[in-house]
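Worksheet for the structure shown next.
For ligands, and for the atoms within them, numbers begin at 1 and follow the listed sequence. If you're wondering where the values come from, they're calculated on a predicted model, not measured in any experiment.
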Amino acid sequence: MLTTAIVPHASAEFATDVRNGLVKRGQKELPSKYLYDEVGSRLFEVISALPEYGVTRADERLLRKHAAEIVERVPGAVMVAELGSGSGKKTRWILEALSHHRRTAYYPIEISATALAMCRRELADIDSISIVGFEREYLDGLLEVAARRQDGQRILVLFLGSTIGNFDRPADVGFLREVRLILQPGDALLVGTDLEKPVPQLIDAYNDPLGVTAAFNLNLLARINRELGADFVLNQFTHEARFNRETGSIEMHLRSAEDQIVSIHRAEISVPFLKNETIWTETSHKYSLHEVVCMAEDAGFRCEAQWADREWPFAENLLIAE
Ligand code: AVJ
């Protein structure tokens, strides 16, 4: 077992994205990818264990149950790339199923150094896989992985946990198209999608009574304070989860409790907030099975199979590049 990490150069992108999102007219917003610093990645692990948030457990149940069948449908020599590995816990089932028959290279691609470190620790005991982690944006990482393809090898891309739901629509199809452009016909993409369910159940999942999701959301402001020298007062903002019926998505917002002005030193801005104004921090789309099939086809894939969990509506979708 070999593990290596390839890390990026520091970037000013965070300051730029924060500035652009908060000086916007109308709805202020922050990109959800910034929720995952060290504290945020750990809080997400706790969210995954909450009784109200069934997403991660459903994903893991499906992978454990169907891993053998999933890998059978991707024959021959395979290299595995995972977009946003998180802790890597659920990936174990796929990697174990693959490494029964074949030596497997596994490339987790993560912008969170903390998640990448967790993942490498979590999977270090699996014999006959090698792990090379890329601390990169998804598409940059995938390009680098594809450049390592050997003759006759297929790429199996994992995009689990319903992370795809974080793209607004139709940006989700746009993203799949970009993935497709990096792949070759016969390559596979396993996508996990959270499915439609009753709104009260969704609200509970994103507004848990312990307040872990609230802490996860508010940590974004704490991170801006830490990394960009801002002066957000955290108890002047409250967490909110709402369901947007038009888009079929849960949205997380941070609501300003008062009129206030926040300065963000390293983004070189002062931002006025009105009482009750919100910052939109995350979209989490809930799919139907049929919608995933259409989205796959629009992006140049064929939907080879879908497996759904009964306890918590969630699906694994195996897409094959055409
Ligand atoms: C990890 C992106 C799938 O959208 O459900 C959990 C993140 N946000 N609770 C999701 C999240 C609030 C999660 N994903």
Is there a nitrogen or oxygen of [X] sitting under 3.5 Å from a nitrogen or oxygen of ligand 1?
X	answer
Tyr206	yes
Ser284	yes
Ser162	no
Thr213	no

Euclidean distance, Asp127 CG relative to His100 NE2, rounded to 0.5 Å =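 The NE2 atom of His100 sits 10.5 Å away from the CG atom of Asp127.
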Under-4.0 Å salt bridge between Arg226 and Asp37 | yes
Do Asp125 and Arg92 meet the salt-bridge criterion of a basic N to acidic O distance under 4.0 Å?
-> yes
Side-chain heavy atoms of Asp231 within contact of Val233, under 4.5 Å =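 They are not in side-chain contact.
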How about Trp93 and Thr91: do any of their side-chain heavy atoms sit closer than 4.5 Å?
->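 Of all side-chain heavy-atom pairs linking Thr91 with Trp93, none is under 4.5 Å.
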side-chain contact (heavy atoms from CB on, under 4.5 Å) between Phe273 and Ile279, worked out = CA-CA 9 Å; Phe273 290 92; Ile279 312 173; 3.7 Å; yes
What protein heavy atom sits nearest atom 8 (N) of ligand 1, and how far away is it?
-> Glu282 OE1, 2.7 Å
Atom 13 (C) of ligand 1: which protein heavy atom is closest, and how many Å away?
-> Tyr53 OH, 3.2 Å
Under 4.0 Å from a heavy atom of Asn166: give me the atoms of ligand 1 that qualify, with their elements.
-> 2 (C), 4 (O)
Answer yes or no for Gly161: is there a heavy-atom contact with ligand 1 below 4.0 Å?
->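 Distance cut 4.0 Å: Gly161 passes for ligand 1.
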